Amino acid sequence: MTEQPKKKLFIKTYGCQMNVYDSERMAEAMGGSGYERTDTAEGADMILLNTCHIREKAAEKVYSELGRLKPLKTLNPDLKIGVAGCVAQAEGEEILARQPIVDMVVGPQSYHRLPELAAGGRAAVLTEFDEDKFAHLPARPSPTRGPAAFLTVQEGCDKFCAFCVVPYTRGAEVSRPVARVIGEAEGLARQGVREITLLGQNVNAYHGADGDATRSLGWLVRRLARIEGIERIRYTTSHPNDMEDDLIAAHGDCPELMPYLHLPVQSGSDRMLKAMNRRHTAESYLALIGRLRAARPDLALSGDFIVGFPGETDADFEDTMSLVRAVHYAQAYSFKYSARPGTPAAERDPVAPDVADARLQTLQALLAEQQAEAQAAMVGRETRVLVEKAGRLPGQLAGKSEHLHAVHFEADLPKGEIARVRIVEAGSHSLRGEAIGG
Ligand code: SAH
Ligand code: SF4
Ligand code: F3S
C-alpha cells in the first residue's frame, strides 16, 4: 500500500511570540489530518494567516496579504484560506464579508478545532473562548526542532491598559496547570531543547493549579530548572505590577534563569501612566528595577514605549526620556500610539501626527544609543552562547548569549551545545566572538 501524499500547509505569522508558538501548535494539530508545513504560499493546499491586531498597520497587513493570495485561489479553487489569531478574534464575520476568499476564521482560543473546520465544506467562524485548548491539542512531535523553544504557560490579560486590544482578543488571564507545563517541558528536553522561553501576555501573572496548591512563576522557573537537559530559562512578557518577590529572588539565586528581562513601562510620565490605566508610577517602576538589579547586578533590561498617547505634552515626553536615561536599556521597542477600535483611549483627542513622529524619532535615537553602548560593553567579556544554527560565513556558528545578544563565532560544535565565547567585536545587531577552549 502506498502512503497518501502529504497536503501542504503554509502559515504566515504576525505579531508576538505567542503567535509563533500558536502557529507551531496549529501545524501540529493539522498534522493529524495529513498536512505538513511548507515555506511558500504557492502550491499550498491550505494557507493560514496568524494575525495581530495590536496596531492599525498590523491589522491592515492581513487584508493586503489576502488580496495578494486571491490569484492562488483562482488557480486552485480547492485551496483553503484561513485567518487565525487576534484579527480573527476582533473582526470575526466581518473578515468573510470583506474578503470572500476566506474559508475559515479562527480565534486564538479555538484553533484546536482547526482540523474539523478544515474538513467542513462551508465558510466557518470560530471565536469562542474554550476552557483549555491545549488539553485538546496533540502532544508535541517535531523531531527537527532547534535547541531553543517557546512554551506558553499563561494567556490573556485582565489589565485593560486604555490603549490595548489584547484583553479583548485574548480574553481573561488563564494559567495552564503545572503538570501540563512540566510535561511539555520534559518532552521538549527529550527532543534536545536546552533553552525554554515561557510565554504569556502577562506571564508573571502565572498562577497555575498544582493539586490543591497554586504555583507562581518564580516557583515554576525553579521547578523547570530541575528538568534534565533544560539549561536556560527565560520568560516574557511581564507586567511591573505582577513582579513578585520570589521571582525577583530567582533572578539572584537560580542560575538557569537568564539575566535578561523584558519589562514594559510604556511612559515615564505619571500623568500618562494614569491615563493609560497602568496602575504604577515611574518611581515604582524604577524602584522595581533597583530591586531586580540588586538581585542580579548584570541584568539586561528591555522595554516597550508608546509615544503620542492622547494628551501627551512635551513635558510628559521629557519624563519618558528621563526614565530611559535612568534605566539604561540593553534593548527596547517603541511605538507611535495607534487608536484601536473598542478601547477607551480611542475616544480621546489624538496628538498631532507630526509631533508624535518627532517624539518617536527622538526616543528611538536615545534607545539606539543605549543599545549600542550595551553591545560595546560586551567586548572583551566572556559569555556562554547556546549554539542554535550555522552562521553566515562558512565555519561560523550563531546563537544567543546569556543576555540575549546574537553572537557568531568560529568553532566546530553541534547545535544545542553551550559554548564559552569571548566577545571581540560589537556590530550594530550582533556580536562577534572567539571560542574559548574547554
Ligand atoms: N502584554 C504585554 C505586551 C502587549 S502588546 C505588556 O503588557 O507589556 C506589546 C506592546 O505593544 C505594548 O507593550 C505596547 O507598547 C504596544 N502597544 C499596545 N497597544 C498599542 C497601541 N494601541 N498603539 C501603539 N502601541 C501599542
Ligand atoms: Fe495590553 Fe496592558 Fe494587558 Fe499588556 S498589560 S496586554 S499592554 S492591556
Ligand atoms: Fe498581536 Fe495578539 Fe500578540 S494583538 S501582539 S498577536 S496577543
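Bear in mind the structure is a predicted one, so any value in this text is a computation, not a measurement.
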Trainee: Given side-chain contact (heavy atoms from CB on, under 4.5 Å), test T237 with V203 step by step and report yes or no.
Mentor: CA-CA 6 Å; T237 297; V203 69; 5.7 Å; no
Trainee: With rounding to the nearest 0.5 Å, note down the distance linking CZ in R432 to CD1 in I423.
Mentor: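 Interatomic distance, R432 CZ to I423 CD1, rounded to 0.5 Å: 10.0 Å.
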Trainee: Could you walk me through whether E184 and R25 satisfy the salt bridge (charged side-chain N to carboxylate O under 4.0 Å, His left out) test, starting with their C-alpha distance in whole Å, then the side-chain angles of each, then the deciding distance to 0.1 Å, before giving a yes or no?
Mentor: CA-CA 12 Å; E184 189 168 330; R25 302 288 316 241; 3.2 Å; yes
Trainee: Does N277 use its side chain to pair, donor to acceptor, with the backbone of A162 at less than 3.5 Å?
Mentor: no
Trainee: Just wondering, do E256 and I230 contact through their side chains at under 4.5 Å, heavy atoms?
Mentor: no
Trainee: Are the side chains of F309 and V351 in contact, using a 4.5 Å heavy-atom criterion?
Mentor: no
Trainee: Output yes when a side-chain donor or acceptor of Q89 lies under 3.5 Å from a complementary backbone atom of T127, and no otherwise.
Mentor: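 Confirmed, Q89 side chain pairs with T127 backbone.
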Trainee: Checking Y329 against L366 for the side-chain contact (heavy atoms from CB on, under 4.5 Å) test, could you report, in this order, the C-alpha distance in whole Å, the side-chain angles of both residues, the deciding distance, and whether it holds?
Mentor: CA-CA 10 Å; Y329 288 92; L366 175 61; over 6 Å; no
Trainee: Please determine if K415 and E195 form a salt bridge, counting it only when a charged side-chain N lies under 4.0 Å from a carboxylate O.
Mentor: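 Judged by the 4.0 Å cut-off on N to carboxylate O distance, K415 and E195 do not form a salt bridge.
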Trainee: Provide the closest heavy-atom pair for L386 versus P147 in the form atom of the first, atom of the second, distance.
Mentor: CD2-O, 4.1 Å
Trainee: With side-chain contact (heavy atoms from CB on, under 4.5 Å) as the test, would you mind laying out the steps for F134 and E155 before giving the verdict?
Mentor: CA-CA 11 Å; F134 296 114; E155 288 196 283; 3.4 Å; yes
Trainee: Do other residues, nucleotides or ligands put more than 12 heavy atoms under 6.0 Å from R392 CZ?
Mentor: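 No.
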Trainee: Nearest 0.5 Å, what's the CD-CZ distance between E42 and F10?
Mentor: 8.0 Å
Trainee: Is it true that atom CD of E36 has more than 12 heavy atoms of other residues, nucleotides or ligands lying nearer than 6.0 Å?
Mentor: yes
Trainee: Mark yes or no: R55 above the aromatic ring of F335, with NZ or CZ under 6.0 Å from the six-membered ring centre and no more than 45 degrees from the axis.
Mentor: yes
Trainee: With a 4.5 Å heavy-atom cut-off, do T38 and T40 have their side chains touching?
Mentor: yes
Trainee: Hey, is the main chain of I196 close enough, under 3.5 Å, to the side chain of R234 for a donor-acceptor pair?
Mentor: no
Trainee: Locate the shortest heavy-atom distance separating L431 from Q375; write the atom from each residue and the value.
Mentor: CD2-O, 3.6 Å
Trainee: Would you say the side-chain atoms of T51 pair up with the backbone N or O of V87, donor to acceptor, closer than 3.5 Å?
Mentor: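 Side chain of T51 to backbone of V87, a donor-acceptor pair under 3.5 Å: yes, one is there.
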Trainee: Can you name the closest pair of heavy atoms from K336 and P353 and give their distance?
Mentor: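 Looking at all heavy atoms of both residues, the closest pair is NZ-O, 4.2 Å.
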Trainee: Apply side-chain contact (heavy atoms from CB on, under 4.5 Å) to the pair N204 and H239, showing each step before the final yes or no.
Mentor: CA-CA 7 Å; N204 56 344; H239 192 286; 4.2 Å; yes
Trainee: Is the closest basic N to carboxylate O distance between R296 and D298 below 4.0 Å?
Mentor: yes
Trainee: Could you tell me whether Q361 atom CD has more than 12 heavy atoms of other residues or ligands within 6.0 Å of it?
Mentor: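 For Q361, atom CD is not crowded (no more than 12 foreign heavy atoms under 6.0 Å).
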Trainee: Indicate yes or no: at least one non-hydrogen side-chain atom of Y333 is less than 4.5 angstrom from one of L367.
Mentor: no
Trainee: Hey, are the side chains of S267 and T320 touching, using non-hydrogen atoms and a 4.5 Å cut-off?
Mentor: yes
Trainee: Counting N and O atoms only, with roles assigned by atom type, does the side chain of D103 sit under 3.5 Å from a partner on the main chain of I81, one being a donor and the other an acceptor?
Mentor: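 Indeed, once roles are kept as given, a pair shorter than 3.5 Å links the two residues.
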Trainee: Got a donor-acceptor contact below 3.5 angstrom from the K133 side chain to the P108 backbone?
Mentor: yes
Trainee: When you measure from the side chain of D210 to the backbone of A179, do you find a donor-acceptor pair of N or O atoms at a distance under 3.5 Å?
Mentor: no
Trainee: If I compare all heavy atoms of E410 with all of A435, which pair ends up nearest, and what's the gap?
Mentor: O-CB, 3.9 Å
Trainee: Looking at R348, I'd like to know if its CZ atom is crowded, meaning that more than 12 non-hydrogen atoms belonging to other residues, nucleotides or ligands lie closer than 6.0 Å.
Mentor: yes
Trainee: Counting N and O atoms only, with roles assigned by atom type, does the side chain of Q154 sit under 3.5 Å from a partner on the main chain of N202, one being a donor and the other an acceptor?
Mentor: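 Side chain of Q154 to backbone of N202, a donor-acceptor pair under 3.5 Å: yes, one is there.
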Trainee: Taking side chain as C-beta onward, heavy atoms only, is H251 less than 4.5 Å from P259?
Mentor: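 No, side chains not in contact.
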Trainee: Look at D242 together with K159 and state whether they make a salt bridge at an N to O cut-off of under 4.0 Å.
Mentor: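 Salt bridge present between D242 and K159.
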Trainee: When you measure from the side chain of R176 to the backbone of T152, do you find a donor-acceptor pair of N or O atoms at a distance under 3.5 Å?
Mentor: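 Yes; judged by distance alone, with no hydrogens or angles, the pair exists.
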Trainee: Indicate yes or no: does E60 engage K57 in a salt bridge with an N to O separation below 4.0 Å.
Mentor: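 No salt bridge links E60 with K57.
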Trainee: Find out whether L263 and P240 are in side-chain contact, i.e. whether some heavy atom of one side chain is under 4.5 Å from a heavy atom of the other.
Mentor: yes
Trainee: Taking 4.0 angstrom as the limit, do R113 and E128 come out as a salt bridge?
Mentor: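 E128 and R113: salt-bridged.
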Trainee: Please find the pair of heavy atoms, one from I227 and one from A189, that lie closest to each other, and give the distance.
Mentor: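 Shortest heavy-atom contact: CG2-CB, 4.0 Å.
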Trainee: To check you understand the geometry: which heavy-atom pair defines the closest contact between K7 and S33, and what is its length?
Mentor: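 That would be CE-O, 4.0 Å.
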Trainee: The criterion is side-chain hydrogen bond (donor to acceptor under 3.5 Å, both in side chains); which residues satisfy it with S23, sequence neighbours excluded?
Mentor: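 In terms of side-chain hydrogen bond (donor to acceptor under 3.5 Å, both in side chains), with neighbours along the sequence ignored, S23 is linked to T13, N50.
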Trainee: Between the main-chain N or O of G308 and the side-chain N or O of E312, is there a donor-acceptor pair closer than 3.5 Å?
Mentor: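 Between the backbone of G308 and the side chain of E312 there is a qualifying donor-acceptor contact (under 3.5 Å).
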Trainee: For the residue pair E56 and S338, confirm or rule out a side-chain donor-acceptor distance under 3.5 Å.
Mentor: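 Side-chain D/A pair, E56 to S338: absent.
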Trainee: Filter on ring-ring contact (aromatic ring centres under 6.0 Å, His included), then keep only pairs touching residues 154-210, sequence neighbours left out; what's left?
Mentor: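 ring-ring contact (aromatic ring centres under 6.0 Å, His included) check on residues 154-210 returns F160-Y168.
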Trainee: Heavy atoms, side chains only, cut-off 4.5 Å: are E173 and Q201 in contact?
Mentor: no
Trainee: Give a yes or no on whether a salt bridge exists between R232 and E402, defined as a side-chain N under 4.0 angstrom from a carboxylate O.
Mentor: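 Not counted as a salt bridge, because no side-chain N and carboxylate O are separated by less than 4.0 Å.
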